Structure formats: structure tokens, C-alpha cells
Amino acid sequence: MPATVSIHGQWSTRLAFILAATGSAVGLGNIWRFPYIVGDNGGGAFVLVYLACILLIGLPIMMAEILLGRRGRQSPINTMLTVAREEGLSRGWGLMGWIGVLAGFLILSFYSVIAGWALAYVFKSGSGGFVGLDAEGSSELFGAMLASPEALLAWHTIFMVMTAMVVARGVRSGLERAVTILMPLLVLLLVVLVGYSMAQGEFMAGVQFLFQPDFSALSANAVLLAMGQAFFTLSLGMGAIMVYGSYLSSEASVAKTSGAVVAADTLVALLAGLAIFPILFAAGLSPGQGPGLIFVTLPLAFAEMPMGLYFGTVFFVLLVFAAWTSAISLIEPAVAFLVENLSLTRVFATTLVAMFAWLLGIGALLSLNVWSGYTLFEMGILDLLDYLTANILLPLGGFLIALFVGWRMTERSVQSELRLKLGFVYSLWYFLVRYVAPIAILVVFLRAVGVV
Ligand code: TRP
């Protein structure tokens with residue numbers, strides 16, 4: 001029997017878990033990544049596919065991840081090994097945990113670089129850098145930052161140290177409280193921005209762009225990107241939610257908990273989209289700006305709105321916090337594993353992982369300037385890391401989780417861990433995990449490489 005409590009500690013309440021998981025889910029993925037990929041991929045149809053992926057693949061896999069974590073009560077690698085042993089299955093399932101550790105490490109390396117941009121923008125806003133800014137000036141401001149490896153390195157380093165500091169102290173201390181206060185504040189500020197967009201932006205143009213689907217513009221690769229975004233934004237497929245699930249008390253309802261996290265995450269992404277596109281259209285910018293989208297667009301709103309200096313500064317501070325609570329969940333699986341298996345101290349394990357991710361992050365930030373000539377599949381290191389993790393490793397991890405929970409674990413173990421009344425919700429979930437999620441992932445993969 002695995003322990004009923006993890007050696008790394010436990011959340012004080014179910015709400016604490018919801019907050020932590022929401023903290024992991026809501027981050028740069030919602031506010032930076034979602035708008036820019038939607039912009040790059042033509043809007044409405046992409047958003048619809050994304051929402052379908054959230055509901056049909058993301059939500060059921062999140063429940064599967066939490067239930068695995070709670071059953072194994074360890075880092076993802078050991079959780080998979082333990083549950084596989086209990087069920088009389090191959091040790092090969094531990095591979096899923098390894099994919100997760102690798103994916104988390106790779107994501108953290110570039111995530112920290114982008115979070116560094118947000119940090120830089122806190123100070124650009126605070127020092128009045130957005131005052132009187134027009135669309136051209138805003139693009140120049142962003143471009144100048146990317147062109148400076150020293151500046152990018154400094155912010156990347158600061159963010160990585162911030163992340164390591166929290167993880168080294170253990171996931172619970174400080175984290176719960178930070179999320180309780182800051183997340184609602186972030187949502188509030190996004191609502192203020194949406195209000196500004198309604199008053200000053202091309203609001204209807206933004207709404208149409210986001211919600212009027214044009215399926216003729218949707219390529220097979222765009223569908224893969226939409227699915228990848230669903231995994232990325234919900235922190236799924238690499239064990240982050242699994243490891244948080246391992247700190248969840250045995251009584252909590254997995255279904256309700258997952259539903260709350262998914263709802264909060266989707267709300268934030270849609271609010272970010274509603275805030276950004278109307279401002280963008282009003283400024284005559286193109287939605288296909290790429291990764292700089294929010295950094296070019298939002299300063300325009302802060303330049304104009306009353307008290308924009310304060311709103312802008314607070315907004316980027318909150319964005320940094322959102323990124324922070326996400327980043328810690330990216331290294332937690334690796335750290336938990338090193339503590340369990342190599343008996344490293346938490347502090348040492350964290351330092352080790354953060355240091356290697358920091359080094360790889362330097363490669364990512366150099367690909368924006370000095371190394372911009374070096375590409376593979378037309379992508380620099382940063383884009384490559386992003387593509388490989390979000391669109392390949394995370395869905396692959398999710399696929400394995402769905403197969404494991406849907407097909408390899410006995411239904412009795414699944415039911416006893418889920419503690420769902422055996423009604424419609426359970427049957428629907430089990431059907432999604434067994435059939436819909438794995439088949440959908442497989443088909444999207446095969447279509448993207450042109451097989452079907
Ligand atoms: N979901 C986070 C975001 O949207 C990023 C993130 C945190 C993540 N942990 C993860 C992504 C684990 C994938 C896997 O910003």
C-alpha cells in the first residue's frame with residue numbers, strides 16, 4: 001500500500017489545492033501564449049478547437065492525473081512505478097514520469113526567459129516608459145529589449161532565482177497565501193482592461209476575431225497548436241498536476257476540483273483575449289505579431305488610460321506572480337524525484353535543476369539576438385523548445401496517462417480513487433479518458449505529420 005500522505009507534505013484544505021493548481025495553470029500560457037497563438041492562427045476557429053480540446057481532452061486528463069498522483073503519493077516517476085506495480089503492470093510506465101521531468105525542465109528554461117520580459121516591463125511601466133507611446137514606439141521598445149542579451153539574461157536570472165527560492169522552501173509555505181490574494185486581483189485587472197477595450201478599442205472587431213470561426217483558415221498544424229495550448233495552459237501531461245495531486249487529501253472530490261481549475265484557467269485566457277484584440281485592432285496592428293503580441297499591445301492601453309502608469313505596473317507585477325506560481329510547478333516533479341531517489345536535500349535538488357534550466361534558458365534568449373541566424377525547422381532554440389514541449393511532449397504524456405488510467409488500471413482502483421458516485425458524470429469521464437482523449441490526440445498527431 002502506498003502511503004496515504006506524501007512525504008513532502010499535504011495541502012491544508014481542498015481549497016488550497018485548487019488555488020495551487022490554479023496557480024500552476026494560470027500563467028504566461030493564458031496571458032502571453034494564448035493571445036499570440038490565436039492571433040497567429042486566425043482567431044475564431046482556432047479558439048473553438050482550443051475550447052473543445054480543453055473540455056474533451058484537458059478536463060478528463062486532469063482528473064486522471066490528479067487521481068494517479070493521489071494514489072501514488074510521490075513524484076510522478078515513482079507514482080507511475082508504484083501504481084504500475086500495484087496493478088501488476090510493467091515498470092516501463094515509469095517512462096511517463098521521465099518524459100514529464102524532461103518536459104518540465106525544458107519548459108522552465110524558456111518560461112523563465114519570457115517571465116523575464118514581464119519583469120522588465122514592470123520597470124519600463126513604473127519608470128514612465130509607456131507615456132505617450134504609439135504603436136510604432138511600442139514595437140521599438142519591445143525590439144530593443146530582445147536585441148539586448150545582457151538585459152534578457154539579467155531578468156531571466158532574477159526570475160529563475162525567485163522560482164528556485166520558493167521551491168527550495170517547499171511548495172506550501174507562502175504559496176497558498178500568495179495565490180489567494182493575487183489571482184483574484186489579476187482577474188480584476190483583466191476585467192478593468194476589458195472595460196478599457198470596450199470603451200476605447202475596436203471591441204466588436206476583437207469579439208468577432210475571437211469567436212467567429214472561419215474553418216477554411218484552419219490547418220492541421222493549427223489544430224495541433226490548439227491542442228498543445230490546451231495542455232500547456234492547464235499544466236497537463238508532465239506530472240505537475242500529478243505531483244500537486246499527490247499532496248491532496250484523500251477525501252477531496254477530484255471532479256469538482258478539476259472543474260474549478262479548468263474554469264478559472266479558461267476564464268483568464270478569454271479575458272486576456274478580450275482585452276488585447278480590441279486594443280490591437282484600434283491601433284491598426286496585425287494579430288499575427290508572434291510572441292511579442294501582449295508586450296507590444298498592452299502598453300498602448302496603459303499609455304492612454306487614466307492612471308495608466310499604475311495600472312500598467314500593477315498588471316505586469318501580477319503577470320510575474322502568475323508566471324511565478326506556474327514556474328514552481330514546472331520543477332516540482334524533478335525536485336520531488338531527486339529528493340526521493342537520491343536523498344538530496346530540497347535546497348540542493350532545486351539548485352541543481354534550476355541551474356541547468358537557467359543554462360538552457362541562456363541558449364533560448366541568445367536565439368532572439370546573437371544566435372538568431374541558427375535555426376532548425378525554421379525555428380530558433382526558444383521556438384523549438386516551445387514547439388517540442390507544448391505540441392509533442394505534453395500531448396504524448398497525456399496520451400500515456402489516458403491509456404494507463406483508461407485501459408491498464410483496473411476499473412475498481414480507478415473508481416475507488418475517484419470517489420465519484422457511479423452516475424452519469426463518471427460514465428462520461430471514463431468514456432472520454434478511454435476513447436475520446438487518446439483517439440483525438442492520436443488523430444491530431446497523425447494529421448499534423450500528414451499521415452491521415
Ligand atoms: N500552465 C502554465 C501557464 O499557462 C505553465 C505551466 C506550469 C505548465 N506548469 C506546467 C505547462 C506543466 C505544462 C506543464 O503558464
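Because the structure is a prediction, the values reported are computed rather than measured. Atoms within each ligand, like the ligands themselves, are counted from 1 in listed order.
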Can you tell which of Leu210, Leu285, Thr297 makes a side-chain contact (heavy atoms from CB on, under 4.5 Å) with Phe277?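 By the side-chain contact (heavy atoms from CB on, under 4.5 Å) criterion, Phe277 pairs with just one of Leu210, Leu285, Thr297: Leu210.
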Working to the nearest 0.5 Å, report the span between [atom1] of [X] and [atom2] of [Y].
| X | Y | atom1 | atom2 | answer |
| --- | --- | --- | --- | --- |
| Phe321 | Leu182 | CZ | CG | 5.0 Å |
| Ser367 | Met379 | OG | CE | 11.5 Å |
| Leu224 | Asn391 | CG | CG | 4.5 Å |

Give a yes or no on whether Arg434 atom CZ has more than 12 heavy-atom contacts from other residues, nucleotides or ligands under 6.0 Å away. yes
Between Tyr247 and Phe17, does the ring pair (Phe, Tyr, Trp, His ring centres under 6.0 Å) criterion hold? Intermediate values first, please. CA-CA 8 Å; Tyr247 311 145; Phe17 170 83; 9.2 Å; no
With hydrogens left out, which residues have an atom under 4.0 Å from ligand 1, given that only heavy atoms count?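 Residues Ser24, Ala25, Gly27, Leu28, Gly29, Asn30, Ile107, Tyr111, Phe232, Thr233, Ser235, Met238, Ala240, Ser326, Ser329, Leu330, Leu394 each place a heavy atom under 4.0 Å from ligand 1, listed by chain and number.
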